[in-house]
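Nothing fancy with the numbering, it's 1 onward along the sequence. Bear in mind that the values here come from a model prediction, so they are computed numbers and not experimental data. Note that these values count all heavy atoms, side chains included, but never hydrogens, waters or copies made by symmetry.
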Amino acid sequence: MPKPQREIYPYLAWENDYLFIKDNISLLCLVCKNRLQTFKKYNVQRHYAKFHELEYEKYKGELRKKKINELKNEIKLVQNSSDTTHFEKALMDKTVLSELAFLTDFTQHMNNLNLKLQGKNQSISDVIHFINGFRIKLNLFKIEIEKEEFHHFPCCQEIKEEHPDVDFTDFGDLINEIAIDFHSRFKELLILENDILLFNNPLTVPIEKQNIKYRSELCDLRVDPCLSMKKETGIEFFKLLPKNLYPELRNFGLRIASMFGTTYSCESAFSLIKLIKNKNRASLTDDRLSTLMRIAISKIEIDIEELVNMKINDEINKKN
């Protein structure tokens, strides 16, 4: 007895249940046009439940079929559209070109900041350093764009050379709004500025401006003949402080160093889990996975030869 068509071609049912259709070698969401490369019901169901269920669950029966046909017609209209006149006219508009040039240049500056914040081994001190630096740059960009100095805006420079009558000065107000939003977004970091200054410069910060519990130890630290000559900075310097002489400063250094500056460590750890526990190693226990993860993320280099020699020596000692 032949199986129902619903079982042979599950995506036919997914069209009605989850608003997905089969498009070439992928599944296409009729609502947001997102594509799924894997033909798994779980992925389709999760996408629909997360993004579209609240809005489209009210459509039932014939009303739902009508809505699906409307969504499919929208996709066909986009796919069959070949009229680019609108876009050609837009690219001839000097105002559109100036906005596009500014957006391109400013997005590049934002991307550069984003890459700095995502670097490996970033501390909270590094993050605050980059963010404060970008705040200053925003003020500089505002002044430069209002004077139409385009050293940091090469695309704007190119448009200005082609169309000398284009005015970029109005973008100064936009940069000012971005600076205000930027300050509001990272205002919590201002609370840590004094602590970060102490973390980076324990030998030179004004003692009277520091937390009262650190002042006495900072006074002793300034006249310590050994530590005052050290070139280490940040956490490496605080590691050198004797526990019995500088307990508060050591705890302070550990507290600042333990703050995650970025999510890099977490994201890289998830990537490592996918490599370690794949479909061919699905029987790994939690204890074994934890051990393998510890080895994978550790910065300590493993001396395999030394470990093998130790194991051999242990076996020899047991026999003797």
Side-chain angles (χ1 to χ4, degrees), residues 95 97-160 166-212 214 218 231-238 249 252-268:
T95 302
L97 288 176
S98 64
E99 293 174 350
L100 183 60
F102 175 79
L103 179 63
T104 302
D105 288 333
F106 197 83
T107 301
Q108 183 60 49
H109 292 304
M110 294 294 292
N111 287 339
N112 292 338
L113 173 64
N114 189 36
L115 290 175
K116 291 178 180 178
L117 296 179
Q118 292 181 4
K120 188 176 182 180
N121 299 325
Q122 295 281 25
S123 66
I124 190 65
S125 174
D126 298 324
V127 171
I128 293 178
H129 165 70
F130 293 135
I131 289 176
N132 287 341
F134 193 75
R135 282 175 178 164
I136 298 173
K137 288 179 182 179
L138 287 175
N139 294 329
L140 175 64
F141 294 159
K142 179 178 181 296
I143 295 172
E144 289 182 345
I145 205 74
E146 289 176 344
K147 293 182 178 180
E148 293 198 331
E149 297 175 355
F150 302 113
H151 178 74
H152 296 101
F153 296 89
C155 293
C156 294
Q157 174 71 44
E158 186 176 342
I159 296 299
K160 187 67 175 179
V166 173
D167 184 14
F168 285 93
T169 57
D170 292 340
F171 290 111
D173 294 333
L174 178 58
I175 295 177
N176 188 56
E177 293 179 9
I178 295 173
I180 294 173
D181 290 341
F182 199 83
H183 176 79
S184 176
R185 174 65 179 83
F186 295 103
K187 62 183 178 181
E188 293 84 0
L189 296 181
L190 295 175
I191 303 173
L192 293 172
E193 280 193 346
N194 196 50
D195 286 343
I196 296 302
L197 187 62
L198 173 59
F199 182 74
N200 290 328
N201 308 282
L203 296 173
T204 58
V205 291
I207 296 177
E208 67 277 4
K209 294 183 179 180
Q210 305 309 311
N211 191 305
I212 193 170
Y214 305 136
L218 283 172
K231 297 182 179 180
E232 287 80 359
T233 58
I235 188 58
E236 298 302 323
F237 177 83
F238 285 89
L249 286 177
F252 165 81
L254 292 173
R255 178 170 63 86
I256 297 298
S258 64
M259 294 181 181
F260 281 96
T262 68
T263 58
Y264 179 89
S265 299
C266 298
E267 292 172 357
S268 60

Backbone of Phe168 reached by a side-chain donor or acceptor of Glu148 within 3.5 Å: yes
Phe150 side chain reached by Ile145 side chain, heavy atoms, under 4.5 Å: yes
Reported CG-to-CD1 distance for the pair Leu218 and Ile207, which is rounded to 0.5 angstrom: 5.5 Å
Contact check, side chains of Pro202 and Phe238, non-hydrogen atoms, under 4.5 Å: yes
Atom pair CG (Asp170) and CD (Glu99), whose distance is rounded to the nearest 0.5 Å: 10.0 Å
Whether Phe141 and His152 hold their rings parallel, tilted or perpendicular, with breakpoints at 30° and 60°: tilted
Audit row: Asn201, Phe237, side chain to side chain contact (heavy atoms under 4.5 Å, CB included) steps and yes/no: CA-CA 10 Å; Asn201 308 282; Phe237 177 83; over 6 Å; no
Considering all heavy atoms, the nearest Gly253-Phe199 contact: O-CE1, 3.6 Å
side-chain hydrogen bond (donor to acceptor under 3.5 Å, both in side chains) against Ser98, all qualifying residues, sequence neighbours excluded: none
Check: Glu158 side chain, Pro154 main-chain N or O, donor-acceptor pair, under 3.5 Å: no
Distance in Å, Leu249 CG paired with Leu254 CG, rounded so as to fall on 0.5 Å steps: 11.0 Å
Interatomic spacing from OG in Ser258 to CD1 in Ile124 - rounded to 0.5 Å: 10.5 Å
Any donor-acceptor N/O pair, Asp105 side chain to Cys156 backbone, under 3.5 Å: yes
Between CD on residue Glu149 and CG on residue Leu140, distance to nearest 0.5 Å: 9.0 Å
Please output the side-chain donor-acceptor pairs of residues 171-198 that fall under 3.5 Å, not counting sequence neighbours, one pair per line with the distance.
unit_1	atom_1	unit_2	atom_2	d
Glu193	OE2	Asn132	ND2	3.3
Asn194	ND2	Lys209	O	3.3

pair Leu138-Phe106: side-chain heavy atoms closer than 4.5 Å: yes
Under 3.5 Å donor-acceptor, Thr107 side chain and Thr104 backbone: no
Lys160 atom NZ: more than 12 heavy-atom contacts under 6.0 Å: yes
From Leu117 atom CG to His129 atom NE2, the distance as rounded to the nearest 0.5 Å: 11.0 Å
